[in-house]
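Written out below as structure tokens is the structure these notes cover.
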Amino acid sequence: MSVRELVVLGTASQVPTRHRNHNGYLLRWDGEGFLFDPGEGTQRQMLRAGVAAHDIHRICVTHFHGDHSLGLAGVIQRINLDRVPHEITAHYPRSGKRFFDRLRYATAYRETVALTEAPVDADGVLATTPAYTLSARRLSHPVESYGYRLVEPDGRRMLPDRLAAHGITGPDVGRLQREGSLRGVPLEAVSEVRRGQRFAFVMDTRLCDGVFALAEGCDLLVIESTFLDADAALAEEFGHLTAGQAGRVARDAGVRHLVLTHFSQRYTDPGEFERQARAAGFDGELTVARDLQRVAVPKRR
């Protein structure tokens, strides 16, 4: 059975707290796992969340600030220690290759796993498989930063009443799906488009075109909301979003489920992030992320 869910490993921004680890997020997408922004302590959080090194197929780093990347050394060494049997691909801003190299080879260990580096240096598609297209968009932060977007190809939903009207039943339904027509009946006459699911991961950034492009039509949007609206000037200065800005992005982009995360340690009331995102007009499903939480990708419409 396919599983599509986000496993939250850490939700703090620059400074971790007693209750929030540095960043770390694993997206399970059917048989693949995408590890986003493994900050310090990610390996231990994986253990606590029941995530194994074998679950990782791609590592996606948005930028090379420590709270988004210092966990790479431990995660990469664990992947090799456990002899993960499949190839793993790492995406990160090309301008940060020197940081990736330092983290990958921070200490001595035996390399046993094929780790392919696929740096990002422009907006565009990074990978295409039958299950998804992975793309990146540039964001606005003091260092080069990219957000990631995963889109499932559109499919078709069979319509039982139309199939029955044409007398198509049993194995003939599968044949029609494979061949595109059956006894003069085209597939389009007995089915409708089923839009593929969409996921986006947006970390440290000011509001910019890339944020909206990544969020557009997402079923699940994971987005930073480091600051509350009263500190919007600080957010702009340091290249971050407020909870209200994140809510407006989700509202305008038609997001179904909004996940707020990457919180500054200066705030003590998590509920205020939700209140401000709601005040901005977002009325879909909303989660203020907690460490070790699991968030399901919404079912297809």
Side-chain angles (χ1 to χ4, degrees), residues 7-14 16 21-29 31-49 51-127 129 132 134-139 141-150 201-205 222 224 262:
V7 183
V8 180
L9 303 173
T11 57
S13 56
Q14 189 172 23
N21 196 75
H22 270 155
N23 283 285
Y25 311 84
L26 182 90
L27 175 69
R28 298 185 189 275
W29 192 269
E32 291 197 36
F34 298 75
L35 179 64
F36 293 94
D37 280 9
E40 186 178 352
T42 292
Q43 186 180 181
R44 186 168 185 274
Q45 293 294 93
M46 287 169 56
L47 179 65
R48 297 179 68 199
V51 172
H54 286 63
D55 295 328
I56 301 170
H57 294 77
R58 293 186 188 270
I59 300 172
C60 300
V61 178
T62 60
H63 66 291
F64 284 98
H65 278 155
D67 53 323
H68 297 260
S69 61
L70 281 176
L72 275 169
V75 169
I76 290 173
Q77 291 191 27
R78 183 58 181 270
I79 286 167
N80 284 274
L81 179 66
D82 289 359
R83 297 179 179 269
V84 171
H86 52 259
E87 181 180 4
I88 294 176
T89 303
H91 304 285
Y92 56 84
R94 186 180 296 277
S95 63
K97 179 169 173 53
R98 66 191 186 280
F99 302 122
F100 187 88
D101 289 346
R102 290 170 187 167
L103 290 163
R104 181 174 182 178
Y105 299 109
T107 65
Y109 66 97
R110 178 178 296 178
E111 288 189 276
T112 64
V113 176
L115 176 62
T116 299
E117 296 182 30
V120 185
D121 52 17
D123 294 351
V125 173
L126 304 176
T129 76
Y132 61 82
L134 177 67
S135 60
R137 286 293 299 258
R138 181 75 179 264
L139 298 173
H141 197 53
V143 301
E144 187 176 20
S145 182
Y146 285 90
Y148 295 94
R149 178 176 167 94
L150 201 71
F201 185 80
V202 178
M203 282 294 117
D204 299 15
T205 183
V222 181
E224 68 119 320
H262 194 270

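Since this is a predicted model, take the numbers as computed values, not measurements.
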Say whether, by atom type as modelled, one donor and one acceptor occur between the side chain of [X] and the main chain of [Y] under 3.5 angstrom.
X    : Y    : result
T112 : N80  : yes
Y148 : V61  : yes
Q14  : D67  : no
Y25  : T11  : no
D123 : R138 : yes

Can you find a pair of side-chain heavy atoms, one from [X] and one from [Y], that are under 4.5 Å apart?
X    : Y    : value
L150 : L27  : yes
H65  : H141 : yes
M46  : D55  : no
Y132 : E32  : yes
L26  : I56  : yes
P38  : L72  : yes
V8   : V222 : no
H262 : M203 : yes

Out of curiosity, [X] [atom1] to [Y] [atom2], how far, rounded to the nearest 0.5 Å?
X    : Y    : atom1 : atom2 : result
T42  : N21  : OG1   : CG    : 6.5 Å
T89  : L134 : OG1   : CG    : 10.0 Å
H57  : T129 : NE2   : OG1   : 11.0 Å
D37  : S69  : CG    : OG    : 8.0 Å
L126 : S135 : CG    : OG    : 6.5 Å
H91  : I59  : NE2   : CD1   : 10.0 Å

Taking every non-hydrogen atom, the tightest pair across [X] and [Y]:
X    : Y    : result
A49  : L9   : CB-CD2, 3.7 Å
L115 : A90  : CD1-CB, 4.2 Å
Y146 : A122 : OH-N, 3.3 Å

**Prompt:** Stepwise, does the side chain to side chain contact (heavy atoms under 4.5 Å, CB included) test hold for L103 with I76?
**Reply:** CA-CA 9 Å; L103 290 163; I76 290 173; 5.9 Å; no
- Task: Classify the ring geometry between F64 and Y92 as parallel (under 30°), tilted (30 to 60°) or perpendicular (over 60°).
- Result: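 Perpendicular.
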* Asked: Pairs in or reaching into residues 105-114: which pass salt bridge (Lys or Arg N to Asp or Glu O under 4.0 Å), with residues at least two apart or in two chains?
  ->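 For residues 105-114: R104-E111.
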Next on the checklist: Regarding D82 and H54, do their side chains bring together a donor and an acceptor under 3.5 Å, going by distance alone?
Outcome noted: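 Looking only at side-chain atoms, H54 and D82 do not form any donor-acceptor pair under 3.5 Å.
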Exercise for review: Report yes or no: do H63 and D204 form a side-chain donor-acceptor pair below 3.5 Å?
Suggested key: yes
Test side-chain hydrogen bond (donor to acceptor under 3.5 Å, both in side chains) applied to E40 - qualifying residues, sequence neighbours left out:
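E40: no side-chain hydrogen bond (donor to acceptor under 3.5 Å, both in side chains) contacts found.
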